[in-house]
Amino acid sequence: MTKSETPLFSVVIPLYNKQDTIRDTLESVRKQTFEEFEVVVIDDGSTDGSPEIVQDFVVSDARFRVFRQENAHVSAARNHGVRRSCGHLVAFLDADDFWKPDHLENLKTLYQSYPEAGMYGTAYTRHYTSGGAVAMVVAQFEGAHGLIGDYFKLAQECQFVYTSSIAVPKRVLDGIDGFSENEKSGGEDLDVWMRVAIHHKVAYFGQSTVVYNCGVPNQLTQKTSESRRVGVLYLKNLAEAYAANRFVGDQARSVKRYLDHHCFKLIGFQFRRTMSLSEIKSFLERSGYDRLEPSPAIRMVLRLPYARIWSFVFLVRRCLHSRQLIKLFGGAIRRNGMLYTLNIS
């Protein structure tokens with residue numbers, strides 16, 4: 001590919017103090033079997049040696065570029081990367097995650113097979129620093145690909161795609177407002193995928209081609225207690241779309257269940273932090289969910305005087321996804337349309 005050609009993919013990588021992982025991350029891109037790509041690294045004010053490592057790739061490979069900005073959070077870095085990109089598709093990759101060599105090849109297959117889609121994603125594997133890995137695959141697409149029939153129905157139960165496994169056409173990203181740059185909002189990536197899914201179909205490849213490293217230092221996806229307390233951005237925007245009657249039929253029911261599910265989950269987190277009912281009310285107002293007439297179940301939960309009861313329910317739901325449970329059932333379980341496969345290292 002010459003500099004005058006437009007690459008199929010622009011790979012956007014936000015970078016902040018990742019000197020221990022960024023070389024392997026960039027190498028995983030350079031080793032892709034599909035080579036029609038450019039890499040746009042946005043250095044978000046790193047203070048360690050990671051910019052020098054990136055510069056080595058820039059010097060040796062014309063497909064790699066790096067731009068520096070003052071520290072402004074991961075969403076600002078991603079937006080900066082999208083503005084700098086010139087590919088037809090923008091593929092996102094965090095600076096502590098890795099791609100398998102056929103990741104872009106599989107995304108290209110999706111793009112060619114489903115040009116009408118507005119988002120393309122693959123299965124991915126959660127790798128834990130404590131040992132072991134869990135591959136997360138939509139069961140009906142295991143080893144195959146297709147269009148997700150109901151994004152919100154599936155997203156209600158699990159995060160079946162992850163930022164480092166997603167590519168979005170540049171024209172689609174240009175048509176929305178991008179990632180929220182409010183550092184305390186939380187869920188900025190989920191919000192973008194949700195806004196894309198409102199208007200576009202989602203294509204999926206049921207083969208794990210991404211390694212999501214959980215628990216590494218300075219992880220972009222880690223949330224502080226404060227960011228979780230106000231992590232309602234994606235609920236607010238979806239609630240507004242629901243209230244505006246943008247959904248009909250089965251999709252409307254799925255969106256309502258999705259809102260109920262995530263509101264339950266976030267309220268449960270607040271109860272575990274012994275949040276007062278007045279704070280819960282303020283939380284719901286910020287989310288926009290108060291405009292929706294919450295279900296009787298949510299109204300019941302809001303009246304529960306005992307935080308420990310909800311904490312117990314929340315803990316049980318968490319355990320259903322635990323690696324210990326998967327191990328107990330022989331290394332793999334199917335639940336809510338997902339196939340979870342555990343590998344012990």
Side-chain angles (χ1 to χ4, degrees), residues 1-14 25-26 28-41 63-65 78-79 81-94 97-125 135-138 140-152 154-155 159-176 178-179 189-190 192-212:
M1 184 183 71
T2 65
K3 289 185 178 181
S4 62
E5 294 176 335
T6 300
L8 180 60
F9 290 99
S10 291
V11 182
V12 172
I13 303 177
T25 298
L26 295 178
S28 76
V29 181
R30 185 150 63 181
K31 292 178 180 178
Q32 291 297 300
T33 56
F34 181 75
E35 300 179 339
E36 188 185 328
F37 63 81
E38 65 167 356
V39 179
V40 181
V41 179
R63 296 174 298 177
F64 288 74
R65 296 185 291 154
R78 287 185 180 133
N79 286 337
V82 172
R83 290 192 298 270
R84 295 281 189 174
S85 65
C86 59
H88 297 291
L89 293 166
V90 179
F92 296 95
L93 177 61
D94 286 347
D97 296 334
F98 315 117
W99 285 345
K100 296 178 182 178
D102 57 349
H103 177 66
L104 290 182
E105 192 75 49
N106 284 355
L107 287 177
K108 183 195 73 170
T109 297
L110 284 179
Y111 180 61
Q112 292 176 337
S113 301
Y114 313 100
E116 72 276 22
M119 184 165 72
Y120 304 90
T122 71
Y124 64 99
T125 298
M136 303 180 65
V137 183
V138 177
Q140 74 176 97
F141 294 114
E142 183 183 3
H145 55 77
L147 292 173
I148 297 295
D150 191 331
Y151 172 89
F152 292 100
L154 188 55
Q159 190 175 347
F160 66 95
V161 287
Y162 164 67
T163 302
S164 292
S165 74
I166 288 174
V168 181
K170 181 73 160 24
R171 58 175 175 78
V172 173
L173 289 171
D174 289 342
I176 61 177
F179 297 88
D189 51 350
L190 295 177
V192 170
W193 317 145
M194 175 271 296
R195 283 189 280 124
V196 172
I198 287 176
H199 303 288
H200 302 275
K201 296 179 180 180
V202 177
Y204 178 84
F205 207 119
Q207 177 182 335
S208 177
T209 57
V210 178
V211 176
Y212 166 30

Considering only heavy atoms from C-beta outward, does the side chain of R78 approach that of T163 to under 4.5 Å? yes
Taking side chain as C-beta onward, heavy atoms only, is F98 less than 4.5 Å from T125? no
Taking R63 for its side chain and E36 for its backbone only, find out whether a donor-acceptor pair lies under 3.5 Å. no
D189 versus V192: any side-chain heavy-atom pair under 4.5 Å? no
Got D174 and K170 here, is their nearest side-chain heavy-atom distance under 4.5 Å? yes
Decide if atom NZ of K201 counts as having more than 12 heavy atoms of other residues, nucleotides or ligands within a radius under 6.0 Å. no
Could you tell me the separation between the CZ atom of F141 and the CD1 atom of I148, rounded to the nearest 0.5 Å? 4.5 Å
Quick check: closest heavy atoms across T25 and D94, and the distance to 0.1 Å? CG2-O, 3.6 Å
As an exercise, state the distance from NZ of K108 to OG1 of T33, rounded to the nearest 0.5 Å. 8.0 Å
Expected output: side-chain S113 to main-chain T109 donor-acceptor under 3.5 Å: yes
Pick out which of V39, V41, L89 makes a side-chain contact (heavy atoms from CB on, under 4.5 Å) with V11. V39
Quick check: do M119 and V172 have side-chain heavy atoms less than 4.5 Å from each other? no
Within the side chain of Q32, is there an N or O that forms a donor-acceptor pair under 3.5 Å with the backbone of S28? yes
Closest approach of M194 and Y151, non-hydrogen atoms and distance? N-OH, 4.1 Å
Please confirm whether the backbone N or O of C86 pairs with a side-chain atom of E38, one donor and one acceptor, at under 3.5 Å? yes
Looking at every non-hydrogen atom in both residues, tell me the closest pair between G121 and V161 and how far apart they are. CA-CG1, 4.1 Å
Intermediate values then yes/no, side chain to side chain donor-acceptor pair (under 3.5 Å), Y162 and D97: CA-CA 11 Å; Y162 164 67; D97 296 334; 2.8 Å; yes
In a check of ring pair (Phe, Tyr, Trp, His ring centres under 6.0 Å) between F92 and each of W193, W99, F9, which one passes? W193
To the nearest 0.5 Å, what is the distance between NZ on K100 and NZ on K31? 14.5 Å
Nearest atoms (heavy-atom pairs only) where P169 meets A117: CG-O, 4.1 Å
Rounding to 0.5 Å, atoms CZ (F205) and CG (L110) come to a distance of 6.5 Å
Determine, stepwise, if the pair Y114 / H145 fulfils side chain to side chain donor-acceptor pair (under 3.5 Å). CA-CA 10 Å; Y114 313 100; H145 55 77; 2.9 Å; yes
Do I13 and L26 pass the side chain to side chain contact (heavy atoms under 4.5 Å, CB included) test, and can you show the C-alpha distance, the side-chain angles, and the key distance before you say yes or no? CA-CA 9 Å; I13 303 177; L26 295 178; 3.6 Å; yes
Spacing of NE2 belonging to H103 relative to OG belonging to S164, to within rounding of 0.5 Å: 8.0 Å
Of the non-hydrogen atoms in Y124 and Q159, which two are nearest, and what is the gap between them? OH-O, 2.6 Å
Going by heavy atoms in the side chains, are V137 and Y204 under 4.5 Å from each other? yes
Test log, rule side chain to side chain donor-acceptor pair (under 3.5 Å), inputs T209 and N106: CA-CA 8 Å; T209 57; N106 284 355; 4.8 Å; no
Plane angle bin for F64 and F37 - parallel if under 30°, tilted between 30 and 60°, otherwise perpendicular: perpendicular
Interatomic distance, CZ@F179 vs CG@L173, rounded to 0.5 Å, equals 7.0 Å
Begin with the C-alpha distance, continue with both residues' side-chain angles, and end with the deciding distance and a verdict on side chain to side chain contact (heavy atoms under 4.5 Å, CB included) for D102 and Q207. CA-CA 10 Å; D102 57 349; Q207 177 182 335; 2.8 Å; yes
Donor-acceptor check, side chain of R65 to backbone of R84, threshold 3.5 angstrom: yes or no? yes
